Structures are given as C-alpha cells and as structure tokens.
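Worksheet for the structure shown next.
Chain naming here is simple, since letters A, B, ... match the order of the sequence lines and numbering starts at 1 in each. Quantities reported herein were computed from a predicted structural model and do not represent experimental measurements.
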Number of protein chains: 2
Amino acid sequence: MEKIKIPKATAKRLPLYYRYLIILNEEGKDKVSSTELSEAVQVDSASIRRDFSYFGALGKRGYGYDVKNLLTFFKKILNQDTLTNVALIGVGNLGRALLNYNFKRSNNIRISCAFDINKEITGRILSGVPVYDMSDLKQQLSDQQISIAILTVPSTAAQKTTDEMVDAGVKGIMNFTPIRLSAPADVRVQNVDLATELQTLIYFLNSEKQNNEN
Amino acid sequence: MEKIKIPKATAKRLPLYYRYLIILNEEGKDKVSSTELSEAVQVDSASIRRDFSYFGALGKRGYGYDVKNLLTFFKKILNQDTLTNVALIGVGNLGRALLNYNFKRSNNIRISCAFDINKEITGRILSGVPVYDMSDLKQQLSDQQISIAILTVPSTAAQKTTDEMVDAGVKGIMNFTPIRLSAPADVRVQNVDLATELQTLIYFLNSEKQNNEN
DNA sequence: AAGTGCTTGATTGCACATTCACAAACATTT
DNA sequence: AAATGTTTGTGAATGTGCAATCAAGCACTT
C-alpha cells in the first residue's frame, strides 16, 4: 500500500466518516458533499475535505464524493475488509457489557476470547465467547495470533496483566483501568478513563458557569 | 473564584493529577516533584509544571509541591469538595456496568437516578439506584437539579432522549452512543465512542506495521 | 555564611491542527 | 456553447499544544 503520512487527528476521524458512509450507502445515496457530511459527523467541512485530500483526489468538483467509492476506499484503509479478532481481559461488569456490545456489525471487529481468574466462569462460554483462565493467556493469544486486547481487570492487576500481554505479543491495548500502564514503545495504549472524563465534564461546566456569572 | 482561562488539554489532565495526589497522600507523602509525578501519570514534567503554573505559584523551587496543598487546591478546582449527582439514561448492559462502577471513591461522583423504558426494571432499585420510567425524566431531573447525564440508550433513541434531557435542563452529556448528538451550544457533549476508538487503535497498528516493513 | 545541587516557572521555538477564502473544475441550465 | 451555480482541493493565516532550555529561588551541606 501507499506510504502516506496521515495526521493523528485525521486518523481518529476516519472511523467516524466510515460509519456514516455505511448509513448513507444503506439509504441508497450515491453522492455526498463535504457540507452534508459535516452536519452528520459534526466536523468542519473544510477539515473533511482536507482529511480526504491526504488520500488523493477522491471527489469531483461541482459534484461531491461518490459514496460507494469512498466506502470501498475507507474499507481498505481501515482494514475493514478483514475481520479483526481481539481479546477481552477481565470479565467483570464492564467486561460482560463489552461482550454483548456488537462491534462486528459496523466495524468488523470481534471479541474472540476472554480471560478471567474467576473459576465460576472460566471454561464456559459467555455471549458466544469462550472464557479462559488467566494462566492460558500467553498460550491462547499467541495461538490465535491476537495483537489487540481490551483490558478490564481491577486496577491492582492492571500492570501485571499488561506485562503478560506484552509478553504474549499484544501490540495494542484498550485500557479501561485508571492506571497509566507502562509498556514498550511499540505497544500502543489507548486509555478510556470513565471517571476522568466525567470529572473533566464537570470541570468544564463549572468553569463555564463562572464565566457566565462574571 | 478566579477567572483563569485554562487550555482544554490542561483541564483534561487535572483529574489525572488529582487521582495520583490522593494516592500519594494516603501513602503519607508530604512533597512531590514534577519529575516524580511525571513518571506516574506519564505526562512530560515540563508540561506538569506549566499546567500547575496556570493556577499561580503552587510549588517551591528546590523543594517541589506540597501534596496536601495541591490536594486541597485541586479539590476546589475540580469541585470535589461537594458530591456531584449524575443521571444514567438507559439501563442496558453498559448502563448496568456503570451502575456498579464506583465513581464515588476517588471522584465524589454518584449516579443518583437511572431511567429506562423496560417495565421489568423501572420502579425497582438496582445497585442502590432507583430506576424510573422514561416518562418521569423531566420531572425527576428538574426535581433533583441534575445537570449531568450519562447516555447509554440505543442509537435509535439517542437524539430524541437528548432533546428531552436538554429540555429538562441538563448541561453536560457523556454520550456512549455512536450518534453525534445535536444540542444547544451551552450543552457540553463528551463522546465516548468505543467502536471508533478500537478501530483507531487497529488503524494505527496496521499503519505502523507498514512503516516497519518499508 | 558561602557554595552546591535541585526544582520551579517562564520564555521561546517548533510541530501539528484548524479554519478561511478562493481558484480550478465540473455539472447544469439556458 | 456560453453562462451560471456548485463543490472540491489547497495556499495561507491563525490557533493550540508540546518540548527544550534556562534563570531564579530554595534547601542542604560544609
């Protein structure tokens, strides 16, 4: 494939575009303009055109973008043409919710195995996904060649589990624990910190309130 | 309070600092340097000092920062001195997981009411939180003066529910649906888009792999 | 009390990202 | 075929955050 260098900020928006393109396609739409896309995904239309232009001239002036064209293009870019298997580490409340979350429908992602230490659920199949004991982590991950994991273990076990995953060859971690994991540079950690985000929201609301009062 | 203007990026890091300060305080530590903090929260030490300096001179040169001082200061800044009540809209798998999530411990946030349309759970109390019918939304939110809500309803109901919440005076929404909500400018929407983040992670991994191969 | 080492706080330059504004290019109408 | 309207793609300006650097100030030792 091409060796184009895409800005981080752009890369984060690609899945957003992709999802809306799927909807447009299902609705039978043939073309879409940057202005129209802008309203749906709430990104400035100029930014959209800029984002798209990193990949070359995808649109037609005076016409817009061809939905099917864009769709097949993004499908490749985002590796949506092949199913991506990921692992779920830690089957607590949040873990169970994620097991039931349908990543496959619009993202072609599937949780193909889960791990926990709780003997009551290991060895069973939950929501169609086999739950293994933590001691099988390395074996299973390498066998299934899984390079992406979702981490939903208690904070106390976060770093230890991370070390094991890294050891097993995991290259991407979606971290739901509040701990900032330390991992080698070639392992990408995406933090999803629910409490922090809520708190940030509260902070912004209160500071805006103050501005309004002044 | 002061009318200081804090960069977005800084504001997002504040809860992170706060959480680690709590830990330090529990460990009985009196002082902390920006370098030490840096390792724990994985933010450049210069950035930490810059972040802190927005609020004035909090530290002592050649010494570091006084943990208790910082803690009480951030507690006020982040409104952690008073309990913040939030509402949970939509009690599905994810909603239930969030009900069990302990926001109170280190964040002084509490889910004080939940809403759903499922007659099997409305009128009951789940994980200590009363679940009301959706039709009581406006009444309850205004009665309890709740201005922050967590949205975990199906995509199809997202916008309609948002309109109702806005109508009821909600000013901050943590949106777990993949829909980009439209809301008045004074309502802050924080998107937590799990599928998108996973997909971004996959994209980065694959593009890095390509770079390594070249 | 003088000197040494450490840490903050501020300045500066840099890199990245967003937005504006408009020419170029195409579609459509007359 | 000419004129008009629409939409892209991009140069340039602006905004935003990050990283390196260093003087000022404090603690601690001798």
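Checked by atom type and distance alone, the side chain of B:Thr152 never pairs as donor or acceptor with a backbone atom of B:Leu94 at under 3.5 Å. A donor-acceptor contact shorter than 3.5 Å links the side chain of B:Asn175 to the backbone of B:Ile179.
Both the sub-6.0 Å distance and the 45° axial angle are satisfied by A:Lys31 relative to the ring of A:Tyr63. Cation-pi check for B:Lys75 over B:Tyr18 is not met; the charged atom does not lie both under 6.0 angstrom from the ring centroid and within 45 degrees of its normal.
D:dC28 atom P lies 17 Å from atom CZ of B:Arg61, rounded to whole Å. The nearest whole Å value for the distance from the CD1 atom in B:Ile48 to the C1' atom in C:dT8 is 12 Å. When the C1' atom of D:dT7 is taken as reference, atom CZ of A:Phe52 falls 13 Å away, rounded to whole Å. Going from atom NZ of A:Lys31 over to atom C1' of D:dT8 covers 13 Å, rounded to whole Å. The distance between atom OH of A:Tyr54 and atom P of D:dT10, rounded to the nearest whole Å, is 11 Å. Going from atom CZ of B:Arg13 over to atom P of D:dA19 covers 9 Å, rounded to whole Å. Counting to the nearest Å, the P atom of C:dT8 and the CG atom of B:Asp51 are 13 Å from each other. Separating the CZ atom of B:Arg49 from the P atom of D:dT21 is a distance of 13 Å, rounded to the nearest angstrom.
Between B:Gly64 and A:Tyr63, the one whose closest nucleotide on DNA chain C sits nearer the 5' end is B:Gly64. Both A:Lys60 and A:Lys8 lie close to DNA chain C; mapped to their nearest nucleotides by heavy-atom distance, the more 5′-ward contact belongs to A:Lys8.
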Could you check A:Thr84 against A:Asn107 for side-chain contact (heavy atoms from CB on, under 4.5 Å), going step by step and ending with a plain yes or no? CA-CA 9 Å; A:Thr84 304; A:Asn107 295 85; over 6 Å; no
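Looking at heavy-atom distances under 4.0 Å, B:Ser34 makes contact with sugar-phosphate atoms alone, never a base.
With C:dT7, C:dA17, D:dT8 as the choices, the nucleotide that has an atom nearest any side-chain atom of B:Ser33 turns out to be C:dT7.
Between B:Tyr65 and C:dG9, a side-chain N or O to OP1/OP2 separation shorter than 4.0 Å is present. Under 4.0 angstrom from either OP1 or OP2 of C:dT19 there lies at least one side-chain N or O belonging to A:Ser47. Between B:Arg50 and the phosphate of C:dT12, there is no side-chain N or O to OP1/OP2 separation shorter than 4.0 Å.
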